[in-house]
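First the structure, in the form of C-alpha coordinates, and then the observations on it.
Just follow the structure's listing: the first ligand is 1, and inside any ligand the first atom is 1. Side chains are part of it too, since the values below use all heavy atoms of this structure and drop only hydrogens, waters and symmetry mates.
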Amino acid sequence: MKKTIRIAVTGASGQIAYATLFRIAGGIMLGRDQPMILQLLDLPQAQQVLKGVIMEMQDCAFPLLEDVFATDDPEVAFKDADIALLIGARPRTQGMERADLLEANAAIFKTQGAALNKVASRDVKVVVVGNPANTNAYIVMKSAPDLPAKNFTALLRLDHHRAVSQVADKIQRSVTSIEKMCVWGNHSPTMYADYRYATSNGESVQNMITEPNWNTEVFMPNVAKRGAAIIAARGASSAASAANATIYHLRDWLLGTSGKWVTMGVPSDGSYGIPEGVVFGFPVICENGEYEIVQGLDLSDEFSQQRIVLTLNELLEEQADVQKLFAE
Ligand code: NAX
(Lines give C-alpha, C1' and ligand atoms only; values in the text may rest on other atoms or scores of the structure.)
Protein backbone atom coordinates (compact mmCIF):
# COMPACT_ATOMS: atom_id res chain seq x y z
CA MET A 1 0.00 0.00 0.00
CA LYS A 2 1.13 3.54 -0.74
CA LYS A 3 1.43 6.38 1.79
CA THR A 4 -1.97 7.84 2.74
CA ILE A 5 -2.84 11.06 0.96
CA ARG A 6 -5.16 13.83 2.10
CA ILE A 7 -7.78 15.05 -0.32
CA ALA A 8 -9.75 18.21 0.48
CA VAL A 9 -13.08 18.77 -1.27
CA THR A 10 -15.06 22.00 -1.04
CA GLY A 11 -18.75 22.37 -1.80
CA ALA A 12 -18.83 18.87 -0.37
CA SER A 13 -22.57 18.72 0.21
CA GLY A 14 -23.38 19.90 -3.33
CA GLN A 15 -24.39 17.83 -6.32
CA ILE A 16 -21.02 17.63 -8.11
CA ALA A 17 -19.28 16.57 -4.90
CA TYR A 18 -21.93 13.91 -4.33
CA ALA A 19 -21.10 12.46 -7.74
CA THR A 20 -17.35 12.72 -7.06
CA LEU A 21 -16.68 11.60 -3.50
CA PHE A 22 -17.82 8.00 -3.77
CA ARG A 23 -15.78 7.38 -6.90
CA ILE A 24 -12.65 8.87 -5.34
CA ALA A 25 -13.10 6.77 -2.21
CA GLY A 26 -13.62 3.70 -4.41
CA GLY A 27 -10.15 4.20 -5.92
CA ILE A 28 -11.23 5.34 -9.40
CA MET A 29 -9.09 8.48 -9.30
CA LEU A 30 -5.74 7.31 -7.97
CA GLY A 31 -5.94 3.54 -8.09
CA ARG A 32 -7.01 0.78 -5.77
CA ASP A 33 -3.73 0.84 -3.83
CA GLN A 34 -3.93 4.50 -2.77
CA PRO A 35 -5.32 4.99 0.76
CA MET A 36 -6.78 8.40 1.55
CA ILE A 37 -8.32 10.74 4.07
CA LEU A 38 -11.14 12.94 2.76
CA GLN A 39 -11.42 16.43 4.30
CA LEU A 40 -14.77 17.95 3.41
CA LEU A 41 -15.54 21.66 3.48
CA ASP A 42 -18.90 23.33 3.19
CA LEU A 43 -20.77 26.27 4.72
CA PRO A 44 -22.16 26.04 8.28
CA GLN A 45 -25.73 25.63 6.99
CA ALA A 46 -24.63 22.65 4.86
CA GLN A 47 -23.07 20.67 7.73
CA GLN A 48 -26.23 18.70 8.44
CA VAL A 49 -26.38 17.42 4.85
CA LEU A 50 -22.69 16.69 4.99
CA LYS A 51 -23.28 14.47 8.03
CA GLY A 52 -25.60 12.37 5.86
CA VAL A 53 -23.01 12.17 3.07
CA ILE A 54 -20.41 10.94 5.55
CA MET A 55 -22.84 8.36 6.95
CA GLU A 56 -23.32 7.03 3.42
CA MET A 57 -19.57 6.92 2.86
CA GLN A 58 -19.16 4.94 6.07
CA ASP A 59 -21.88 2.57 4.86
CA CYS A 60 -19.80 1.82 1.76
CA ALA A 61 -16.99 0.46 4.00
CA PHE A 62 -14.45 1.64 1.42
CA PRO A 63 -11.17 -0.23 2.03
CA LEU A 64 -9.10 2.80 0.91
CA LEU A 65 -10.90 5.40 3.01
CA GLU A 66 -8.94 5.71 6.25
CA ASP A 67 -10.91 8.69 7.50
CA VAL A 68 -13.42 11.30 6.38
CA PHE A 69 -14.45 14.42 8.24
CA ALA A 70 -16.48 17.58 7.68
CA THR A 71 -15.76 21.16 8.63
CA ASP A 72 -16.77 24.72 7.79
CA ASP A 73 -13.25 26.02 8.41
CA PRO A 74 -10.96 26.17 5.34
CA GLU A 75 -7.84 25.90 7.51
CA VAL A 76 -9.08 22.61 8.95
CA ALA A 77 -10.16 21.27 5.56
CA PHE A 78 -6.88 22.16 3.83
CA LYS A 79 -4.53 21.07 6.63
CA ASP A 80 -1.72 19.05 4.99
CA ALA A 81 -3.89 18.49 1.90
CA ASP A 82 -2.03 16.87 -1.00
CA ILE A 83 -4.91 17.46 -3.39
CA ALA A 84 -7.70 20.06 -3.25
CA LEU A 85 -10.87 19.98 -5.31
CA LEU A 86 -12.42 23.44 -5.10
CA ILE A 87 -15.96 22.70 -6.20
CA GLY A 88 -17.98 24.97 -3.90
CA ALA A 89 -18.87 28.39 -5.24
CA ARG A 90 -21.57 30.98 -4.96
CA PRO A 91 -24.19 30.27 -7.63
CA ARG A 92 -25.71 33.04 -9.69
CA THR A 93 -29.07 33.95 -8.23
CA GLN A 94 -31.85 35.93 -9.85
CA GLY A 95 -31.09 39.58 -10.40
CA MET A 96 -27.39 39.07 -9.71
CA GLU A 97 -25.09 40.87 -12.14
CA ARG A 98 -21.98 39.16 -13.51
CA ALA A 99 -19.82 41.60 -11.55
CA ASP A 100 -21.62 40.67 -8.30
CA LEU A 101 -21.06 36.99 -9.02
CA LEU A 102 -17.37 37.58 -9.67
CA GLU A 103 -17.06 39.58 -6.48
CA ALA A 104 -18.87 37.05 -4.29
CA ASN A 105 -16.70 34.25 -5.62
CA ALA A 106 -13.54 36.31 -5.47
CA ALA A 107 -14.03 36.67 -1.72
CA ILE A 108 -14.48 32.90 -1.29
CA PHE A 109 -11.45 31.99 -3.36
CA LYS A 110 -9.23 34.61 -1.78
CA THR A 111 -9.96 33.15 1.67
CA GLN A 112 -9.42 29.61 0.42
CA GLY A 113 -6.15 30.56 -1.30
CA ALA A 114 -4.86 32.12 1.92
CA ALA A 115 -5.83 28.99 3.87
CA LEU A 116 -4.10 26.70 1.36
CA ASN A 117 -1.04 28.92 1.54
CA LYS A 118 -0.98 28.59 5.30
CA VAL A 119 -1.74 24.93 5.96
CA ALA A 120 -1.72 22.72 2.83
CA SER A 121 1.12 20.47 1.70
CA ARG A 122 3.77 22.57 -0.08
CA ASP A 123 3.07 20.53 -3.22
CA VAL A 124 -0.73 20.56 -3.02
CA LYS A 125 -2.33 20.09 -6.42
CA VAL A 126 -5.46 22.18 -6.84
CA VAL A 127 -8.27 21.98 -9.36
CA VAL A 128 -10.93 24.68 -9.37
CA VAL A 129 -14.36 23.57 -10.59
CA GLY A 130 -16.56 26.33 -9.13
CA ASN A 131 -17.39 29.03 -11.65
CA PRO A 132 -16.02 31.28 -13.02
CA ALA A 133 -13.42 28.47 -12.81
CA ASN A 134 -10.45 30.07 -14.60
CA THR A 135 -10.66 33.34 -12.73
CA ASN A 136 -11.34 31.62 -9.41
CA ALA A 137 -8.20 29.53 -10.00
CA TYR A 138 -6.29 32.74 -10.75
CA ILE A 139 -7.50 34.26 -7.45
CA VAL A 140 -6.57 31.17 -5.39
CA MET A 141 -3.15 31.08 -7.03
CA LYS A 142 -2.52 34.77 -6.35
CA SER A 143 -3.70 34.34 -2.75
CA ALA A 144 -1.23 31.52 -2.14
CA PRO A 145 2.13 33.11 -3.01
CA ASP A 146 4.19 30.52 -1.08
CA LEU A 147 2.90 27.63 -3.20
CA PRO A 148 4.03 26.88 -6.77
CA ALA A 149 1.77 28.76 -9.21
CA LYS A 150 1.80 25.78 -11.59
CA ASN A 151 -0.11 23.74 -8.99
CA PHE A 152 -3.30 25.79 -9.49
CA THR A 153 -5.49 24.62 -12.33
CA ALA A 154 -9.05 25.05 -13.59
CA LEU A 155 -11.37 22.39 -14.95
CA LEU A 156 -11.74 22.46 -18.73
CA ARG A 157 -11.83 18.71 -19.03
CA LEU A 158 -15.62 18.60 -19.25
CA ASP A 159 -15.43 20.84 -22.32
CA HIS A 160 -12.71 18.57 -23.71
CA HIS A 161 -14.87 15.48 -23.20
CA ARG A 162 -17.85 17.23 -24.76
CA ALA A 163 -15.74 18.12 -27.82
CA VAL A 164 -14.40 14.55 -28.18
CA SER A 165 -17.86 13.09 -27.85
CA GLN A 166 -19.39 15.46 -30.47
CA VAL A 167 -16.66 14.59 -32.98
CA ALA A 168 -16.86 10.84 -32.29
CA ASP A 169 -20.59 10.95 -32.89
CA LYS A 170 -20.16 12.92 -36.12
CA ILE A 171 -17.62 10.53 -37.64
CA GLN A 172 -19.26 7.45 -36.12
CA ARG A 173 -16.11 6.26 -34.38
CA SER A 174 -15.50 5.45 -30.72
CA VAL A 175 -14.39 8.20 -28.34
CA THR A 176 -11.25 6.18 -27.59
CA SER A 177 -10.15 6.51 -31.24
CA ILE A 178 -9.96 10.32 -30.89
CA GLU A 179 -6.73 12.04 -29.88
CA LYS A 180 -5.25 15.53 -29.97
CA MET A 181 -8.37 17.54 -29.18
CA CYS A 182 -7.83 21.07 -27.85
CA VAL A 183 -10.09 23.48 -25.98
CA TRP A 184 -8.43 26.85 -25.65
CA GLY A 185 -9.22 29.60 -23.17
CA ASN A 186 -11.99 30.21 -20.70
CA HIS A 187 -14.53 27.70 -19.35
CA SER A 188 -17.33 29.82 -20.79
CA PRO A 189 -19.13 30.11 -24.11
CA THR A 190 -16.09 31.99 -25.50
CA MET A 191 -13.91 28.86 -25.30
CA TYR A 192 -12.30 27.76 -28.57
CA ALA A 193 -12.97 24.05 -29.07
CA ASP A 194 -10.56 23.09 -31.84
CA TYR A 195 -10.36 19.76 -33.70
CA ARG A 196 -7.95 20.90 -36.41
CA TYR A 197 -5.24 18.66 -34.96
CA ALA A 198 -7.52 15.84 -33.83
CA THR A 199 -7.05 12.35 -35.19
CA SER A 200 -9.15 9.19 -35.11
CA ASN A 201 -7.02 6.05 -35.26
CA GLY A 202 -4.30 8.30 -36.63
CA GLU A 203 -6.38 9.81 -39.47
CA SER A 204 -7.16 13.52 -39.57
CA VAL A 205 -10.64 14.22 -38.20
CA GLN A 206 -10.79 17.44 -40.20
CA ASN A 207 -10.42 15.48 -43.44
CA MET A 208 -13.30 13.22 -42.45
CA ILE A 209 -15.75 16.05 -41.79
CA THR A 210 -16.50 17.50 -45.19
CA GLU A 211 -19.73 19.33 -44.38
CA PRO A 212 -19.07 23.05 -44.71
CA ASN A 213 -19.73 25.13 -41.59
CA TRP A 214 -20.20 22.07 -39.32
CA ASN A 215 -17.41 23.46 -37.16
CA THR A 216 -18.86 26.93 -36.66
CA GLU A 217 -22.58 26.16 -36.88
CA VAL A 218 -22.87 22.85 -35.06
CA PHE A 219 -19.71 21.73 -33.23
CA MET A 220 -18.57 24.89 -31.50
CA PRO A 221 -22.06 26.03 -30.40
CA ASN A 222 -22.90 22.50 -29.21
CA VAL A 223 -19.79 22.32 -27.05
CA ALA A 224 -20.11 25.88 -25.76
CA LYS A 225 -23.83 25.64 -24.94
CA ARG A 226 -23.87 22.07 -23.67
CA GLY A 227 -24.16 23.18 -20.04
CA ALA A 228 -27.28 25.21 -20.83
CA ALA A 229 -28.74 22.29 -22.85
CA ILE A 230 -28.28 19.97 -19.85
CA ILE A 231 -30.03 22.45 -17.56
CA ALA A 232 -32.90 22.70 -20.06
CA ALA A 233 -33.23 18.90 -20.26
CA ARG A 234 -32.56 17.90 -16.66
CA GLY A 235 -33.74 20.92 -14.75
CA ALA A 236 -30.37 20.95 -13.00
CA SER A 237 -26.80 21.70 -14.07
CA SER A 238 -24.27 19.03 -15.10
CA ALA A 239 -23.14 17.07 -12.08
CA ALA A 240 -22.08 13.51 -12.92
CA SER A 241 -20.23 14.61 -16.07
CA ALA A 242 -18.51 17.44 -14.18
CA ALA A 243 -17.54 14.98 -11.44
CA ASN A 244 -16.17 12.56 -14.03
CA ALA A 245 -14.13 15.31 -15.69
CA THR A 246 -12.70 16.42 -12.33
CA ILE A 247 -11.64 12.88 -11.49
CA TYR A 248 -9.94 12.40 -14.87
CA HIS A 249 -8.26 15.82 -14.68
CA LEU A 250 -6.59 14.83 -11.42
CA ARG A 251 -5.92 11.21 -12.35
CA ASP A 252 -4.13 12.25 -15.53
CA TRP A 253 -2.20 15.04 -13.81
CA LEU A 254 -0.94 12.72 -11.07
CA LEU A 255 -0.59 9.45 -12.97
CA GLY A 256 0.22 10.71 -16.49
CA THR A 257 -1.37 10.63 -19.92
CA SER A 258 1.18 8.34 -21.66
CA GLY A 259 1.85 11.00 -24.29
CA LYS A 260 -1.80 11.78 -25.00
CA TRP A 261 -3.17 15.34 -25.05
CA VAL A 262 -5.78 16.48 -22.57
CA THR A 263 -7.09 19.98 -21.85
CA MET A 264 -6.33 21.67 -18.55
CA GLY A 265 -6.80 25.28 -17.47
CA VAL A 266 -3.30 26.21 -16.30
CA PRO A 267 -1.45 29.46 -15.57
CA SER A 268 0.14 30.48 -18.84
CA ASP A 269 3.93 30.46 -19.08
CA GLY A 270 3.67 32.81 -22.05
CA SER A 271 3.00 29.99 -24.54
CA TYR A 272 1.08 31.03 -27.65
CA GLY A 273 1.34 34.70 -26.64
CA ILE A 274 -1.05 34.23 -23.69
CA PRO A 275 0.19 36.58 -20.96
CA GLU A 276 1.98 34.83 -18.12
CA GLY A 277 -0.26 33.88 -15.20
CA VAL A 278 -3.58 33.95 -17.08
CA VAL A 279 -5.33 30.66 -16.28
CA PHE A 280 -6.09 29.45 -19.79
CA GLY A 281 -7.24 26.19 -21.36
CA PHE A 282 -4.31 24.57 -23.17
CA PRO A 283 -3.61 21.12 -24.58
CA VAL A 284 -1.18 19.44 -22.17
CA ILE A 285 0.65 16.15 -21.73
CA CYS A 286 1.16 14.91 -18.16
CA GLU A 287 4.04 12.83 -16.81
CA ASN A 288 5.46 12.23 -13.32
CA GLY A 289 2.90 14.52 -11.66
CA GLU A 290 3.66 17.48 -13.96
CA TYR A 291 1.92 18.87 -17.02
CA GLU A 292 3.60 20.33 -20.11
CA ILE A 293 1.76 22.61 -22.53
CA VAL A 294 1.85 21.11 -26.03
CA GLN A 295 3.99 23.43 -28.13
CA GLY A 296 4.23 24.29 -31.79
CA LEU A 297 0.56 24.32 -32.81
CA ASP A 298 -0.41 26.89 -35.39
CA LEU A 299 -2.94 29.47 -34.23
CA SER A 300 -2.04 32.07 -36.83
CA ASP A 301 -5.04 31.66 -39.15
CA GLU A 302 -7.59 34.45 -38.94
CA PHE A 303 -10.35 32.33 -37.39
CA SER A 304 -8.13 30.92 -34.61
CA GLN A 305 -6.74 34.37 -33.90
CA GLN A 306 -10.25 35.81 -33.51
CA ARG A 307 -11.32 33.00 -31.19
CA ILE A 308 -8.20 33.22 -29.03
CA VAL A 309 -8.50 37.00 -28.72
CA LEU A 310 -12.18 36.71 -27.77
CA THR A 311 -11.64 34.20 -24.97
CA LEU A 312 -8.42 35.84 -23.77
CA ASN A 313 -10.05 39.27 -23.60
CA GLU A 314 -12.87 37.84 -21.51
CA LEU A 315 -10.35 36.38 -19.08
CA LEU A 316 -8.36 39.61 -18.94
CA GLU A 317 -11.55 41.53 -18.16
CA GLU A 318 -12.43 39.09 -15.37
CA GLN A 319 -8.90 39.41 -14.00
CA ALA A 320 -9.07 43.21 -14.13
CA ASP A 321 -12.37 43.09 -12.21
CA VAL A 322 -10.76 41.18 -9.34
CA GLN A 323 -7.44 43.08 -9.19
CA LYS A 324 -8.68 45.23 -6.33
CA LEU A 325 -8.54 42.14 -4.11
CA PHE A 326 -4.78 42.18 -4.33
CA ALA A 327 -4.36 45.91 -3.91
CA GLU A 328 -5.38 45.79 -0.24
P1 NAX B 1 -24.30 22.98 -5.70
O2 NAX B 1 -25.06 24.24 -5.50
O3 NAX B 1 -25.04 21.68 -5.74
O4 NAX B 1 -23.17 22.84 -4.58
C5 NAX B 1 -22.31 23.89 -4.26
C6 NAX B 1 -21.91 23.70 -2.82
O7 NAX B 1 -20.90 24.66 -2.53
C8 NAX B 1 -23.06 23.93 -1.84
O9 NAX B 1 -23.13 22.83 -0.96
C10 NAX B 1 -22.63 25.21 -1.10
O11 NAX B 1 -23.06 25.23 0.23
C12 NAX B 1 -21.10 25.11 -1.22
N13 NAX B 1 -20.41 26.35 -0.97
C14 NAX B 1 -20.76 27.62 -1.32
N15 NAX B 1 -19.87 28.48 -0.85
C16 NAX B 1 -18.92 27.77 -0.21
C17 NAX B 1 -17.74 28.11 0.49
N18 NAX B 1 -17.36 29.39 0.65
N19 NAX B 1 -16.98 27.12 1.02
C20 NAX B 1 -17.36 25.84 0.88
N21 NAX B 1 -18.48 25.46 0.25
C22 NAX B 1 -19.24 26.41 -0.29
O23 NAX B 1 -23.45 23.21 -7.04
P24 NAX B 1 -22.75 22.14 -7.98
O25 NAX B 1 -23.73 21.72 -9.01
O26 NAX B 1 -22.09 21.11 -7.15
O27 NAX B 1 -21.70 23.06 -8.75
C28 NAX B 1 -20.58 23.59 -8.09
C29 NAX B 1 -19.84 24.57 -9.00
O30 NAX B 1 -19.35 23.91 -10.17
C31 NAX B 1 -20.70 25.72 -9.52
O32 NAX B 1 -19.97 26.92 -9.41
C33 NAX B 1 -20.90 25.37 -10.97
O34 NAX B 1 -21.16 26.51 -11.77
C35 NAX B 1 -19.57 24.73 -11.30
N36 NAX B 1 -19.47 23.93 -12.52
C37 NAX B 1 -18.28 23.94 -13.17
C38 NAX B 1 -18.06 23.16 -14.29
C39 NAX B 1 -16.74 23.18 -14.98
O40 NAX B 1 -16.60 22.48 -16.00
N41 NAX B 1 -15.74 23.93 -14.52
C42 NAX B 1 -19.14 22.32 -14.87
C43 NAX B 1 -20.25 22.03 -13.91
C44 NAX B 1 -20.61 23.18 -12.99
O45 NAX B 1 -21.42 24.08 -13.70
Does an N or O anywhere in [X] fall below 3.5 Å from an N or O of ligand 1?
| X | result |
| --- | --- |
| Gln15 | yes |
| Val129 | yes |
| Ile16 | yes |
| Asn131 | yes |
| Arg90 | no |
| Ser13 | yes |

| Donor-acceptor pair, side chain of Asp72 and main chain of Asp42, under 3.5 angstrom |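 Not a single qualifying donor-acceptor pair exists.
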
| Main-chain N/O of Lys79 paired to Gln39 side chain as donor or acceptor, under 3.5 Å |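 Yes; at least one donor-acceptor contact below 3.5 Å.
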
For [X], state whether at least one heavy atom is located under 4.0 Å from any atom of ligand 1.
| X | value |
| --- | --- |
| Ala239 | no |
| Gln112 | yes |
| Gly227 | no |

| field | Hphob cluster co-occupancy, Val76 + Leu86, side-chain heavy atoms under 4.5 angstrom | value |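 Result: no, two separate clusters.
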
| Is there a chain of hydrophobic side chains (I, L, V, M, F, W, Y, each step under 4.5 Å between heavy atoms) that links Leu158 to Met191? |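 No, separate clusters.
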
| query | Does some non-hydrogen atom of the protein lie less than 4.0 angstrom from atom 41 (N) of ligand 1? | reply |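 Protein heavy atom within 4.0 Å of atom 41 (N) of ligand 1: present.
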
Any idea which protein heavy atom is nearest [atom], and the distance to it?
| atom | result |
| --- | --- |
| atom 28 (C) of ligand 1 | Ile87 O, 3.3 Å |
| atom 6 (C) of ligand 1 | Gly11 CA, 3.6 Å |
| atom 10 (C) of ligand 1 | Asp42 OD1, 3.4 Å |
| atom 5 (C) of ligand 1 | Gly14 CA, 4.2 Å |
| atom 39 (C) of ligand 1 | His187 NE2, 3.2 Å |
| atom 15 (N) of ligand 1 | Leu43 CD1, 3.7 Å |

| Is it true that atom NZ of Lys118 has more than 12 heavy atoms of other residues, nucleotides or ligands lying nearer than 6.0 Å? |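 Not buried by this count: 12 neighbours or fewer within 6.0 Å.
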
| task | Count the heavy atoms of every other residue, nucleotide or ligand shown that sit under 6.0 Å from CD of Gln45, and state whether that count exceeds 12. | result |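 Above 12, so yes.
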
| message | Looking at Asp298 and Arg196, is there a salt bridge between them, counting it only when a charged N and a carboxylate O are closer than 4.0 Å? | response |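 Looking at Asp298 together with Arg196, the answer is no, because their closest N to O distance does not fall below 4.0 Å.
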
| message | Between Lys125 and Asp123, does any side-chain N to carboxylate O distance fall below 4.0 Å? | response |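 Here Lys125 pairs with Asp123 in a salt bridge, since their nearest N and O are under 4.0 Å apart.
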
| task | Identify which of Val9, Leu155, Asn136, Ile108 has a heavy atom lying nearest to atom 18 (N) of ligand 1. | result |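 Shortest heavy-atom distance from atom 18 (N) of ligand 1: Ile108.
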
| said: Using the side-chain hydrogen bond (donor to acceptor under 3.5 Å, both in side chains) criterion, which residues pair with Trp253? Sequence neighbours excluded. | reply: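 Not a single residue meets the side-chain hydrogen bond (donor to acceptor under 3.5 Å, both in side chains) criterion with Trp253.
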
| field | Given His160, Glu179, Lys180, Met181, the one that forms side chain to side chain contact (heavy atoms under 4.5 Å, CB included) with Trp261 | value |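 Exactly one option meets the side chain to side chain contact (heavy atoms under 4.5 Å, CB included) with Trp261, and it is Lys180.
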
| field | Contacting atoms of ligand 1, where contact means under 4.0 angstrom from a heavy atom of Ser238 | value |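 It comes down to these atoms of ligand 1: 43 (C).
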
| query | Going from OG on Ser143 to NZ on Lys110, what distance comes out if it is rounded to the nearest 0.5 angstrom? | reply |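 Atom-to-atom, Ser143:OG and Lys110:NZ are 6.5 Å apart.
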
| said: Applying salt bridge (Lys or Arg N to Asp or Glu O under 4.0 Å), can you list everything that pairs with Glu56, at least two apart in sequence or on another chain? | reply: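 None.
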
| For ligand 1, the portion of Ala89 having any non-hydrogen atom under 4.0 Å away |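 It is both parts that get close, each with some atom under 4.0 Å.
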
